[in-house]
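Naming convention: chains lettered A, B, ... in sequence-line order (proteins, then strands); numbering from 1 in each chain.
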Protein chains: 2
Amino acid sequence: MNLRDLRYLLAVTEHEHFGRAAKASGVSQPTLSVQIRKLEDQLGVILFERSSKQAAPTAACLQVIDHARDAVAATEALLASAQSLRDPLAGRFRIGIIPTLAPYLLPLIFAPLREALPALEPEPWEDQTDALLERLRSHQLDAALLATEVDGPDLVSRALFDEPFLAALPPDHPLAARATVAEADLSQDILVLSDGHCLRDQAMEACGQTAALGGALRASSLPTLMNMVAAGYGTTLIPGLAAGAAQDAGLTLRPLEGRPGRTIRIAWRAHFPRRIAVEAIGDVIAERLSSFARGAAAGAV
Amino acid sequence: MNLRDLRYLLAVTEHEHFGRAAKASGVSQPTLSVQIRKLEDQLGVILFERSSKQAAPTAACLQVIDHARDAVAATEALLASAQSLRDPLAGRFRIGIIPTLAPYLLPLIFAPLREALPALEPEPWEDQTDALLERLRSHQLDAALLATEVDGPDLVSRALFDEPFLAALPPDHPLAARATVAEADLSQDILVLSDGHCLRDQAMEACGQTAALGGALRASSLPTLMNMVAAGYGTTLIPGLAAGAAQDAGLTLRPLEGRPGRTIRIAWRAHFPRRIAVEAIGDVIAERLSSFARGAAAGAV
DNA sequence: CACCTTGATAGGCAACGCCTATGATGCGAG
DNA sequence: CTCGCATCATAGGCGTTGCCTATCAAGGTG
C-alpha cells in the first residue's frame, strides 16, 4: 500500500467522480481507475460503487477513509516538521562548557551568537571535562567547549582562542609588589580546585607537580577559590576571562612570566551532521574573543 | 515520500544499525542505505549520524519519527479495518421495508437470517415505497423489500414470494357467511389506507378504481385499518402475512376469488457491490416464505 | 599489518506507475 | 430509436523506481 494510493482514495471520495478526482490529483483518469482498483484488490473490499453518473463511496470506504486521512495528515505533519528542521543553523543546540569557563565566557558570547545565528537555540550545559566528553559521545550534547585536546578518533576539535593564566594574589601578598610573577614563585602557597577540574591539572603542571600538595583545601569552584585567596589562604592561578570577577573579589592580578595559558577548543563528534552549526558557533566565539586575546597579550608585556 | 520509506526509517531508528534494520525489514543493506539517503534528501534533513559502529538517530530524526509512527499506525489500522470489512456477508446492512409488510415479515425472517448469515447486521428501516426508493437511490439504504416493481434502470429487483390478499370482514358482515369473496363485493364498503401506501393502490385496483372514494376515513396504518373494520366501519383487503394479526383483532378472513395478491421483491441499486449479500438475504426470505405461499394457495382452494 | 565490520556505491533487472488510445456501458436529446 | 456525450475500464508502451549482488572505502581490532 502506498501513500499515493491513499491520496487518490481521498480524492475520489471527495469528488465522487474519477475524472474530476484525477484532474484534482494531477493524473489521468485511467491511472486513478487502475490504482483504486489495485487498492480495492489489496484490501479485498469494494471502495466505490461505480455508475455512469458517479462513483459513490461504499460503507467500507467511509469506514476506511478516516485512517487514510490520518495517514496522509501524519505524513504532511512529518514533512512540515522536517521543513522546520532543515536549517542546521536553527533549532536546539546542546553545548557543554566547563565550569571554569562558562560563567565568564557565556555573557560575552550570548549577544553575538544571537545576532549571528538568530534561529539557533543554544542550550548550555555546565560540567567537568570528562562528563562533557561522555555526554558528547552518547549524543546528549552536540558540542563542547573545553580547555583540553580531545583524545579518540570519534571526536574532533578546533581551537577557538588562547586564554592566558594570571597570578591571583591577596592584595597584601609579597608577590603583589612585582609587575609580573614567575610560576615557580606561586607554587609555594598555591591553592587549586578540586579533582576533575582541568584547570587544577593545568595549574599544577604550570607550577610544578608537587605544588599544592600541602594545601588540604581544594575549592570546588573558581569563585570559592578566589574567595579563599582573597581571605589570605594562599595564591592561585586563574584563567584570563575570570579577571574581572577576580578583581571584584578583591584579588590582585599579575601577568605570569612566559605567558602560560590554556587553549579553549570546541569539540564535536567526527560524524556530527550539523558541523556547519559547530563551525558557525566557533567562528562567533573566535571573533568575539580575538580582541581579548590581543589585549591579554598586550597586558602581559 | 513512501510508506515503505517510513517503515525503513522506523526500523533504522529502532536498531540504530543499517544491517540489522535491513534484516528486520527483509531487504538488503544497500537498499536501506539508498532509501534512507533518498528520504534525507527529500526532507532536507540528516536523519542518522553514521559511524563505523552505529547509525544514531539525529535530533531531527527523533522529532520526525513520531509522525512516521502515526502514519504507519494509521495505515495498519486501515488494513485491519478493511480486513474486517472483507466479507460482503458481514457488517451493517440497511434494508428498507414497507409498513404493510415489516411487522409481519420481520418476525418470520429474523431467526433464519441470523442463522444463515450470522455476521450480517441487518438494520431494518420502515417507510413507504417512495421514501424507500429515494433512500435507496441516495445510498442511505442497501436494499429494500417492496410490493411493487421498481422503475428506472439504476435499480433492479428480484421477486421473493407472492403474498395473496384476503378479504377482512367484521364477523357479522353479510359476506362473512361465504367461503370465498369476490373482489367486486368488497368495493361497496371497502376501507383503504392513506396516501402513499402501495397497498392502498393495490386494493383499489383489485376492487375497481372508484372504490373507497366514499370512505372519508383513510387509515394511516394497517393495524388502524383492521381495528376500523373490526369496529364495523366497513371491509378491507389485507395482505396474507397479516392474517394472524387480523384474526387477533377479531376480523373474519376469507379467501378472494381469483387469488389476487402482490409480489414481494427485494430491490437494490444496479451497481451495488454487495449484491452477494442481497441475493443471500433474498434466498433466506424466499426459502422461509416458500411454505407460506403454498399454504396460502391451498387455503384459497 | 591483515582482517572484520560498518555504511556507501555501481550496474543490472524486474516491477510499478503513468501516459495515450481505445473500449464498453449507460443516459439523454433530437 | 438512434446518435452523441458522458461515465469508468482496458490495453500497450515507456520511463522511473526499488531491489538485488558485487564491490568499495573507512575504522577499529587482533
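- The side chain of B:Arg37 places no N or O atom within less than 4.0 Å of a non-bridging phosphate oxygen (OP1 or OP2) of C:dA8.
- Crowding of A:Gln140 atom CD: a count of heavy atoms from other residues, nucleotides or ligands under 6.0 Å exceeding 12.
- By the neighbour-count criterion of 12 heavy atoms within 6.0 Å, atom CD1 of A:Ile276 is sparsely surrounded, having that number or fewer from other residues, nucleotides or ligands.
- Between B:Thr31 and D:dC20 there is a side-chain N or O to OP1 or OP2 distance below 4.0 Å.
- Looking at residues 6-22 of chain B, you'll see B:Tyr8 sit with a heavy atom under 4.0 Å from some atom of DNA chain D.
- Two residues, A:Gln29 and B:Asp5, neighbour DNA chain D, and the one matched to the more 5' nucleotide by heavy-atom proximity is A:Gln29.
- Checking the phosphate oxygens (OP1, OP2) of D:dC20, a side-chain nitrogen or oxygen of B:Ser28 falls inside 4.0 Å.
- Interatomic distance, OG of A:Ser52 versus CG of B:Asp154, reported as 9.0 Å (0.5 Å rounding).
- Counting heavy atoms from C-beta outward, A:Thr100 and A:Arg262 have side chains that approach closer than 4.5 Å.
- Going from atom CZ of B:Arg50 over to atom P of C:dT9 covers 9 Å, rounded to whole Å.
- In this structure, B:Arg4 reaches the D:dC19 phosphate: one of its side-chain N or O atoms is under 4.0 Å from OP1 or OP2.
- Taking atom NZ of A:Lys53 as the reference point, atom C1' of D:dC5 lies 14 Å away to the nearest angstrom.
- Within the 4.0 Å cut-off from OP1 or OP2 of D:dG18, at least one side-chain nitrogen or oxygen of B:Lys38 is found.
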